[in-house]
Chemist: 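Below is the structure I would like to discuss, written out as structure tokens.
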Amino acid sequence: MTETTETKQKNETQALPAATTQPARHGAFGFPLHVNRAAALGEIHARPAPSISAPRALIKLCFMTEGGSKVDHAVLAELSRRHGAAPPDKQARHHTIHTGKGSLRWERHTEASTYLWEGALPRRFGDALTGHPFGDEFPAPGTLIAGVRMEIRKHSAAAMKLIEKFDPATLCCSLAEGGLAVIVTDFRQDAAGLTQILVLDKGMSPQRTGALAQRLFDIEIYRTLAMLGLPLAQRLSPRMRKAEDQLAALTNRMRSIDADDADDLLDDITALAADLEADAASSLYRFGASRAYDEIVDDRLDALSEEPVTGYDTWRSFLERRVAPAMRTCRSVEDRLANLSRKLARAATLLRTKVDVAVEKQNRDLLHSMNKRAKLQLRLQQTVEGLSVAAVSYYVVGLIAYLVKGIDPKRFGIPDTAVTALAVPVVVLAIWAVVRRIRRSHSDSAH
């Protein structure tokens, strides 16, 4: 019977990846199926709640699996071999192994994996459990982050006295499932390091009992995972305080610094911004995961629909007092990181603006001096043009004088000096007109 069940589960698990890697050729009414349809439809069945009938004992361990699914698969393969069962598929996310009178359920999560053992209840509350696979020979897939021991017993007057075995300082007791169950815990660990939970059944069905047990396990495990962000927040908080002081000092320096000395200040701002971005990047996943885990805990508490028991604290009120401050601390540090990054970006922008304004002022002064220099050059050029007209005219008049001497105009009764004198204004005007025309043509081409 065990081998048949395991073979069926293996076949079902193997069928899922095949459906997600290639589209089916024919679906409902012969239509082709979307490549991820099977995964989308099967997600709601990915975490089936176990069917549990009281009395029963359960142990659930949560391991941080840094090595990924390969480590879990190696552990499950070894456990399956010990109990004569088929190992799970490498792509499977949950697997069940029957261990005699009990069963072991494995489930893969994003950064952790859980192992749930269900077995016989001891005669007395708190006695050592037997028959579970957890011990020295259990090949742990990673570091243990949470462990829960749950005992589900039938409700009775004698069973209600078991509440006295919990620490009254942190005792939480309330009704759940419409009054059909009493749930008790003090969130403290026993000698084995497991958080003890007691469930007193007043007539629940096995399905409702399994669903309730799963919710209670989720509350304890996910609230532990959510608290992983607190040590990180406590380490980052002094760094945030130091960064805030540095930012205040940098902004004060910015008030009186000259544009020529802005390079050093910009380097300091950039270095501080780089440190903050590194802290934000390293804490992004942890703070986001803590926020998500805290939301899951809140959802599970809503699903409990607790009814208070006179004289005892409820699970929700206790966790809100103890867990909510830690979550607010994580959010506060995360917000401070984001605000500091924005303020540093604004400070760098202001400093760049100040430098740009100073550079623009220098450019304006430079353009003004260049304009003055151009005017001086224009005046010098005009002077040179005038001198050049005189020089060229003198040269041309000299040539005319030589020409006049060769012709000898005295034969016509005109002295040669008179001809030369008359040629002077004509030559000067002609040379001036030519130079003016050349300058105008250059001006037109420049425009």
Side-chain angles (χ1 to χ4, degrees), residues 2 5-6 9-10 13 45-52 56-122 128-152 185 189-197 199 209-226 228 293 296-297 300:
T2 301
T5 304
E6 291 298 328
Q9 292 178 347
K10 180 180 179 181
T13 307
H45 306 292
R47 298 193 64 203
S51 179
I52 302 174
R56 208 65 172 162
L58 300 96
I59 295 179
K60 192 165 188 177
L61 303 181
C62 180
F63 295 93
M64 302 297 289
T65 50
E66 293 83 0
S69 59
K70 293 182 179 179
V71 179
D72 277 318
H73 186 268
V75 172
L76 292 170
E78 175 64 19
L79 293 174
S80 299
R81 184 188 61 79
R82 291 181 188 178
H83 297 282
D89 187 83
K90 292 184 178 181
Q91 303 298 326
R93 299 188 64 85
H94 54 85
H95 183 64
T96 302
I97 301 174
H98 294 279
T99 58
K101 296 182 180 180
S103 63
L104 180 66
R105 292 180 175 88
W106 164 80
E107 185 176 354
R108 173 68 185 164
H109 302 269
T110 302
E111 61 175 342
S113 60
T114 57
Y115 292 79
L116 172 62
W117 174 81
E118 175 192 346
L121 191 70
L129 299 177
T130 59
H132 61 79
F134 308 121
D136 296 336
E137 296 182 356
F138 180 76
T143 55
L144 181 69
I145 185 63
V148 186
R149 167 178 169 158
M150 182 183 298
E151 293 191 12
I152 302 177
T185 188
Q189 287 70 49
D190 59 11
L194 304 178
T195 303
Q196 294 196 81
I197 297 177
V199 178
T209 303
L212 175 61
Q214 189 176 62
R215 285 195 289 269
L216 297 180
F217 281 131
D218 287 348
I219 291 173
E220 174 60 16
I221 291 175
Y222 284 124
R223 70 101 179 173
T224 306
L225 291 172
L228 290 179
Y293 291 139
I296 293 175
V297 172
R300 298 300 185 268

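Computed from a predicted structure; not experimentally measured.
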Chemist: Please report the C-alpha distance between W117 and L129 in whole Å, then the side-chain angles of each, then the deciding distance to 0.1 Å, and finally whether the side chain to side chain contact (heavy atoms under 4.5 Å, CB included) criterion is met.
Modeler: CA-CA 11 Å; W117 174 81; L129 299 177; 4.1 Å; yes
Chemist: My understanding is that only residues two or more places apart in sequence, or in another chain, count here; which of them pass side chain to side chain contact (heavy atoms under 4.5 Å, CB included) with T114?
Modeler: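 Per chain and number, T114 pairs via side chain to side chain contact (heavy atoms under 4.5 Å, CB included) with K60, C62, E107, H109, I221.
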Chemist: So which heavy atom on M64 is nearest to which on L228, and how close?
Modeler: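 In terms of heavy atoms, the two residues are closest at CE-CD1, 4.2 Å.
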Chemist: With sequence neighbours excluded, what pairs up with T209 under the side-chain hydrogen bond (donor to acceptor under 3.5 Å, both in side chains) test?
Modeler: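 Testing T209 for side-chain hydrogen bond (donor to acceptor under 3.5 Å, both in side chains), a comparison that skips the adjacent residues, returns none.
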Chemist: Distance-only, no hydrogens or angles: does the T195 side chain make a donor-acceptor pair with backbone N or O of Q189 under 3.5 Å?
Modeler: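 Side chain of T195 to backbone of Q189: no pair is present.
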Chemist: Anything under 30° is parallel, anything over 60° is perpendicular, the rest tilted; go ahead and classify W106 against Y115.
Modeler: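 Aromatic pair W106/Y115 classed tilted.
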Chemist: Give me the one residue out of V75, L104, I97 that meets side-chain contact (heavy atoms from CB on, under 4.5 Å) with S80.
Modeler: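 Only match with S80 under side-chain contact (heavy atoms from CB on, under 4.5 Å): I97.
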Chemist: Would you sort out whether R108 and T65 count as a side chain to side chain contact (heavy atoms under 4.5 Å, CB included), showing the intermediate values?
Modeler: CA-CA 9 Å; R108 173 68 185 164; T65 50; 2.3 Å; yes
Chemist: What is the minimum heavy-atom distance between A120 and A57, and which atoms define it?
Modeler: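 Nearest heavy atoms, A120 then A57: O-CB, 3.5 Å.
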Chemist: Do you know which two heavy atoms are closest between P139 and E78, and how far apart they sit?
Modeler: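 What the structure gives for the nearest pair is CG-CG, 4.4 Å.
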Chemist: Where do V297 and R223 come nearest, in terms of heavy atoms and distance?
Modeler: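 Reported closest heavy-atom pair: CG2-N, 3.4 Å.
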Chemist: Not counting sequence neighbours, list each pair that qualifies as a salt bridge (Lys or Arg N to Asp or Glu O under 4.0 Å) and has a residue in residues 139-151.
Modeler: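 Every pair satisfying salt bridge (Lys or Arg N to Asp or Glu O under 4.0 Å) with a residue in residues 139-151: R149-E151, E151-R153.
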Chemist: Between T96 and H98, does a side chain to side chain contact (heavy atoms under 4.5 Å, CB included) hold up when you go through it step by step?
Modeler: CA-CA 7 Å; T96 302; H98 294 279; 4.3 Å; yes
